[in-house]
Amino acid sequence: MMTNTGGQRRSKPEDAATHITVSDPVQHADGLNKYTSYRVDVRPPTVAPDGGAQDVMINNNNNYSAVLRRYSDFLWLYERLHVERAGAIVPPIPEKQPVGRFNASFVEDRRMHLERFLRRVAVHPELADSTCLETFLRADDVSFQAAKNAKGAVVLSQPMPGAAPAAMMAPISTQTTMSPPKKDGFKRWFAEAKTSMTGHLVKSPDDDIFDEIHRYVHGLDNQMRNVSHQATALVRKGKEIANGLFEFGLAFNLLGQSEADALGDALSKMGETADRLSVLSAEQAEKELSQFDEPLQDYIKTIHAVKLALQRRHEKRLSFSTCLSEVEAKQTQLTKLRAQIGSEAKAYSVEMSLRRAHEASEAAKEDFATVSQRVLREVDRFKREKAEDMRRTVLDYINLQVEYNKRMEEVWAALIPQLESVQLDSNSNAIGPPPGQQQAVDMSASQQQPPMPPQQQQQPMPPGPPMMGQQPPQYINTQPSAAAPMPPQAPPVAPPAMAFAPSGVPAPHGADMAHSMISVQYRE
């Protein structure tokens, strides 16, 4: 399998059936009945680079087919698979949606899950060769409706439609393919209910193994539901953090606008960084939802499918136990009739009934053994495949968190030198960094935006002819002129933060003051 490292999708078992697609959802209105149909295509399997078949063929049928199916048709296939392959772990199907089922996003989500359901059935070792799957994928509308309307066996847990005449050739027992009358079906249900309440179930050598499986599946279901609940809470908190960072960044942007100096620029950069982190957190929450939370929920649905498989074995065991009870009851009745004089006709009738009961008992026994072995194979496969899938899911989640935290660290680290470069002058005003330091900050920080050019230092210009379009600079002449004596003038009042040199250029107060400070004071 491939992991999600670097954005690469990890392969799954159902990827071997990519030649089966569900597409083109179309809404139909038949009076008050409104439904959505889907196009199901089965294309010839592609050839892998090594020359082998890349996709799985359905019943060795290499022909192209395209049919229209609605959700109820998928549901028929799901229920029919439980009948034809009792004890198999049937992949989960999307649940019914009474409200909002014609919403565009819901229709697309259901289409995707229905396609995954079909592909999982196509690669399932116990279901890939089922007759109902072939009927679903390739039968025309008339044949398919006949298959859906055919009455099949009566199932205790839920009513299951029967199969088409071609489906009767499936390797299932006579008991499941016969269509019993309503009276016999009610009598069978009553007998099985009586056997279930009395607890007189047949014993088998594998009972201890199945008891252990029941405990394992029950504990796994509880623990997985707890993990899924916590994962859902983490995704919800991640979305809340994304919203909180957005509000946090907005507040810093407003705070930066209230400051007009270099500190305001730094605070605004803090707000921009928080806004980028908000987008990053929102993307992370969506990734956690699709790559961790949803796989956990699908895992829980698969566990429920395991429970259904175990339930099918229990039903077969109950049917076998009921048949044994009927054999014992008829045997006792036949013994009593044979002891009575003049009851030969009734004894013969009971004897024929006993013979049929023996045949039904043998069929139920064989069916029970077949389903039991199928459940054992399926549970073993479930442990192997789902344990590996769970391990990969956890590893993907860990890699997702590592990548997310690295990106968060990079964004925060890029902000540190920008804030450290802010300094204060002698008047406690925030000023930018010197040109050399600003260049070092731009080189060390992650460049989120184009760097600003360094500030050029303003040097004092010597007296000379003014350039075109400029006013000549005004200088204070300290030497008296002989031709025209200078009238007395009041001494210029200099700002307390600077003194004027004889040449008219502001002079620093200390010898160690940086040239950048001179430039800033001159501009002020």
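Numbering of residues begins at 1 and proceeds along the displayed sequence. The figures that follow rest on heavy atoms only: side chains count, while hydrogens, waters and symmetry mates do not.
A salt bridge does not link E240 to K237: none of the charged nitrogens lies less than 4.0 Å from a carboxylate oxygen. Salt bridge absent: E212 and R215 never bring a charged side-chain N and a carboxylate O closer than 4.0 Å. The pair K330-E351 does not meet the salt-bridge criterion, since no charged nitrogen lies less than 4.0 angstrom from a carboxylate oxygen. With respect to D129 and R85, a salt bridge is recorded, a charged nitrogen being found less than 4.0 Å from a carboxylate O. Salt bridge D396/R391: absent, no basic N to carboxylate O contact under 4.0 Å. Under the 4.0 Å criterion applied to side-chain N and carboxylate O atoms, R120 and D298 are assigned as salt-bridge partners. A salt bridge is absent between D41 and R69; no separation between the charged side-chain nitrogens and carboxylate oxygens falls under 4.0 Å. With salt bridges taken as basic N to acidic carboxylate O contacts below 4.0 Å, one links R392 and E388. E378 has no carboxylate O lying under 4.0 Å from a charged side-chain N of R374, or vice versa, which leaves the two without a salt bridge.
Considering CZ of F320 and CD of E366, their distance stands at 11.0 Å, rounded to 0.5 Å. Here the OG-NE2 distance, from S319 to H314, works out to 9.5 Å after rounding to the nearest 0.5 Å. Between the CD atom of Q223 and the CD1 atom of I300 there is a distance of 11.0 Å, given to the nearest 0.5 Å. The CG atom of L81 lies 5.5 Å from the CZ atom of F117; values are rounded to the nearest 0.5 Å. Between atom OG of residue S361 and atom CG of residue L354 there is a gap of 10.0 Å, rounded to the nearest 0.5 Å. Atom CZ of F252 sits about 10.5 Å away from atom OG1 of T273, to the nearest 0.5 Å.
No option in N149, T135, V67, L137 other than T135 meets the side-chain contact (heavy atoms from CB on, under 4.5 Å) test with F144. Partner of T21 under the side chain to side chain donor-acceptor pair (under 3.5 Å) criterion, chosen from R119, R43, R39: R43.
The two residues T393 and Q291 make their nearest non-hydrogen contact at CG2-O, 3.9 Å. Residues G271 and N253 share a closest heavy-atom pair of CA-OD1, 3.6 Å. The heavy-atom pair separating E288 from Q401 by the smallest distance is OE2-NE2, 2.6 Å. In this structure, S278 and A242 approach most closely via the heavy-atom pair OG-O, 2.7 Å. Residues V327 and A357 approach most closely at CG2-O, 3.6 Å, considering heavy atoms. Among all heavy-atom pairs drawn from A128 and L133, the shortest one is O-CD2, 3.7 Å.
Residue F246 places its CZ atom among 12 or fewer non-hydrogen atoms of other residues, nucleotides or ligands, all under 6.0 Å distant. Annotation: H214, atom NE2; neighbour count of heavy atoms from other residues, nucleotides and ligands within 6.0 Å is above 12. More than 12 heavy atoms of other shown residues, nucleotides or ligands fall within 6.0 angstrom of atom CG in N226. Summarising the local packing, NZ of K365 is surrounded by 12 or fewer heavy atoms from other residues, nucleotides or ligands at distances under 6.0 Å. Dense packing is recorded around OH of Y216, with more than 12 heavy atoms of other residues, nucleotides or ligands lying under 6.0 Å away.
Checking S143 against D140 by side-chain atom types alone, a donor-acceptor pair falls below 3.5 Å. For S228 and R225, the side-chain atoms include no donor-acceptor pair closer than 3.5 Å. In the model, H113 has no side-chain atom that pairs as donor or acceptor with a side-chain atom of E95 under 3.5 Å. No donor-acceptor contact under 3.5 angstrom links the side chains of Q284 and E403, judged on distance only. Judged purely by distance below 3.5 Å, without hydrogens or angles, the side chains of S204 and D206 never pair a donor atom with an acceptor atom. With hydrogens and angles left out, the side-chain atoms of T370 and D367 include no donor and acceptor closer than 3.5 Å. Donor-acceptor pairing under 3.5 Å is lacking for the side chains of R70 and S37.
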- Task: Would you check, one step at a time, whether the test side-chain contact (heavy atoms from CB on, under 4.5 Å) holds for V90 with L127?
- Result: CA-CA 8 Å; V90 181; L127 306 176; 4.3 Å; yes
- Query: Passes side-chain contact (heavy atoms from CB on, under 4.5 Å), I303 versus F382? Steps please.
  - Reply: CA-CA 9 Å; I303 295 175; F382 166 77; 4.0 Å; yes
- Verdict with supporting geometry, R80 and D73, salt bridge (Lys or Arg N to Asp or Glu O under 4.0 Å): CA-CA 10 Å; R80 187 61 196 172; D73 301 333; over 6 Å; no
- Message: I'd like to know whether Y38 forms a side-chain contact (heavy atoms from CB on, under 4.5 Å) with R110, so could you lay out the CA-CA distance, the side-chain angles of the two residues, the decisive distance to 0.1 Å, and finally the verdict.
- Response: CA-CA 10 Å; Y38 303 88; R110 171 175 279 186; 3.3 Å; yes
- Message: Please determine whether side-chain hydrogen bond (donor to acceptor under 3.5 Å, both in side chains) holds for the pair R338 and T335, giving the CA-CA distance in whole Å, both sets of side-chain angles, and the decisive distance to 0.1 Å.
- Response: CA-CA 5 Å; R338 285 178 177 178; T335 304; over 6 Å; no
- Take Y404 and S281, measure what side-chain hydrogen bond (donor to acceptor under 3.5 Å, both in side chains) needs, and give me the verdict at the end. CA-CA 8 Å; Y404 168 68; S281 298; 3.0 Å; yes
- Query: side-chain hydrogen bond (donor to acceptor under 3.5 Å, both in side chains) between T232 and D293: does it pass, once the steps are laid out?
  - Reply: CA-CA 6 Å; T232 303; D293 189 25; 3.1 Å; yes
- Task: Kindly indicate, with the supporting measurements, whether the criterion side-chain contact (heavy atoms from CB on, under 4.5 Å) is fulfilled by H124 and S130.
- Result: CA-CA 10 Å; H124 198 291; S130 59; over 6 Å; no
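Considering only heavy atoms from C-beta on, L245 stays 4.5 Å or farther from D275 through its side chain. In this structure, the side chains of R381 and K386 stay at 4.5 Å or more apart for every pair of heavy atoms. Annotation: side chain of R317 is in contact with side chain of V202 (closest heavy-atom distance under 4.5 Å). Under the 4.5 Å side-chain criterion, counting only non-hydrogen atoms from C-beta, V107 is not in contact with N103. Residues E283 and E286 fail the side-chain proximity criterion, which asks for heavy atoms closer than 4.5 Å.
Taking the six-membered ring where the residue is Trp, Y35 and H28 present parallel rings, their angle staying beneath 30° rather than reaching 60°.
Residue pairs satisfying the side-chain hydrogen bond (donor to acceptor under 3.5 Å, both in side chains) criterion with at least one member in residues 300-309, sequence neighbours excluded, are listed as follows: D221-K307.
Here R111 pairs with E108, E115 under the salt bridge (Lys or Arg N to Asp or Glu O under 4.0 Å) rule; sequence neighbours left out.
Panel note: side chain Y71, backbone P94; a donor-acceptor pair is recorded below 3.5 Å. Distance alone, capped at 3.5 Å, is enough to place a donor-acceptor pair between the D15 side chain and the K12 backbone. S353 places no side-chain N or O within 3.5 Å of a backbone atom of S349 that could act as its donor or acceptor partner.
Residues F74 and Y78 keep their aromatic ring centres 6.0 Å or farther apart.
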